[in-house]
Amino acid sequence: MTPDQLIAAARAAATNAHAPYSRFAVGAAALLADGTVVTGANVENASYGLSLCAETVAVSTASAAGRLADIVGVAVVGGMMDHTGAAHGTDPIRPCGRCRQVLNEAAQMGGRDLTVWCGGITGGQVEEHRLSDLLPHAFGPADLCLTIARA
Ligand code: THU
């Protein structure tokens, strides 16, 4: 699985974005250690504040499958939708602050830093980041005096 393939999976996921309010479609693709890809798209709500980001949906889906600790990286893309519902844009988008914290939980459970690839929804350059650079000095289980047991 190359970064470009993972970005492609995120772009495909974004076609299922439910974003009638912002009209900003986001897709995310989480890469697991065994090469499995788990995707998500943003799910907005008429009660705007209840909306879910694409990265959070992807991480939650992986977690529901018992795979939270297996995430090694995530690709995210996003762009504005036109009147047909198709999204466009070549500027990379980066995870919001809340999603960075959600991704940190997966990183902590897996005992590894995550790679975060950020791209445009219809093309452009792909950025590669470390989660620890996007979210320095993160709050995590150690702050709760918790040690994570691993198999
Ligand atoms: N959004 C995401 O899905 N992920 C992010 O990291 C940033 C924002 C969504 C939330 C909302 O549905 C839309 O993009 C506009 O903010």
Side-chain angles (χ1 to χ4, degrees), residues 1-110 112-136 138-141 144:
M1 178 61 56
T2 66
D4 283 347
Q5 288 173 318
L6 201 64
I7 287 283
R11 287 179 179 144
T15 64
N16 291 323
H18 175 66
Y21 309 109
S22 72
R23 300 199 61 79
F24 192 80
V26 183
L31 177 64
L32 308 188
D34 67 358
T36 301
V37 174
V38 179
T39 61
N42 51 334
V43 185
E44 296 185 349
N45 192 286
S47 179
Y48 298 165
L50 302 184
S51 298
L52 300 174
C53 288
E55 303 92 313
T56 292
V57 172
V59 169
S60 300
T61 302
S63 184
R67 306 297 301 274
L68 181 64
D70 297 337
I71 297 174
V72 297
V74 62
V76 56
V77 301
M80 290 303 302
M81 295 157 62
D82 64 21
H83 66 285
T84 72
H88 304 272
T90 55
D91 289 338
I93 70 150
R94 297 111 190 161
C96 77
R98 183 178 188 275
C99 285
R100 294 177 196 201
Q101 183 67 28
V102 168
L103 289 168
N104 187 60
E105 189 69 14
Q108 293 298 316
M109 293 305 118
R112 58 168 77 85
D113 204 356
L114 303 189
T115 308
V116 181
W117 293 279
C118 305
I121 202 155
T122 45
Q125 296 294 312
V126 175
E127 295 178 351
E128 181 176 306
H129 300 281
R130 312 304 304 164
L131 179 63
S132 58
D133 292 327
L134 297 176
L135 188 67
F139 181 85
L144 301 173

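Rounding to the nearest 0.5 Å places CG of Asp113 at 11.0 Å from CG of Leu103. Interatomic distance, Cys118 SG to Gln125 CD, rounded to the nearest 0.5 Å: 13.0 Å. Between atom CE of residue Met80 and atom NE2 of residue His88 there is a gap of 10.5 Å, rounded to the nearest 0.5 Å. For the atom pair NE2 (His18) and CG (Leu52), the distance works out to 10.5 Å, reported to the nearest 0.5 Å. One finds the CG atom of Leu31 at 6.5 Å from the CE atom of Met1 (value rounded to the nearest 0.5 Å). A distance of 9.0 Å separates CG of Leu114 from OG of Ser132, quoted to the nearest 0.5 Å.
A side-chain donor-acceptor contact under 3.5 Å links Asp82 and Thr84.
What you find for Pro136 and Leu134 is that their closest heavy atoms are CD-C, 3.5 Å. When all heavy atoms of Arg94 and Arg100 are compared, the closest pair comes out as CB-NH2, 3.6 Å. In terms of heavy atoms, Gln108 sits closest to Pro141 at CG-CD, 3.6 Å. The shortest heavy-atom contact between Pro95 and Val116 is CG-CG1, 3.8 Å. Pairing each heavy atom of Pro20 with each of Glu44, the nearest pair is N-OE1, 3.7 Å. Shortest non-hydrogen contact noted between Asn104 and Phe139 is ND2-O, 3.2 Å.
Put simply, the side chain of Arg112 never gets that close to the backbone of Ala106: no donor and acceptor are under 3.5 Å apart. Side-chain N or O atoms of Thr115 include none that pairs as donor or acceptor with a backbone N or O of Arg130 at under 3.5 Å.
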Expected list for residues 54-64: side-chain donor-acceptor pairs under 3.5 angstrom, two or more places apart:
residue : atom : partner : partner atom : Å
Ser60   : OG   : Thr56   : O            : 2.7
Thr61   : OG1  : Val57   : O            : 2.8

Distance-only criterion, 3.5 Å: show the donor-acceptor pairs between side-chain atoms of residues 34-42 and protein atoms not counting sequence neighbours.
residue : atom : partner : partner atom : Å
Asp34   : OD1  : Thr36   : N            : 2.9
Asp34   : OD1  : Thr36   : OG1          : 2.7
Asp34   : OD1  : Arg67   : NH2          : 3.4
Asp34   : OD2  : Thr36   : OG1          : 3.3
Asp34   : OD2  : Arg67   : NH2          : 3.0
Asn42   : OD1  : Val26   : N            : 3.0
Asn42   : ND2  : Phe24   : O            : 2.8

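Side-chain atoms of Ile93 and Val77, non-hydrogen and from C-beta on, never get closer than 4.5 Å to each other.
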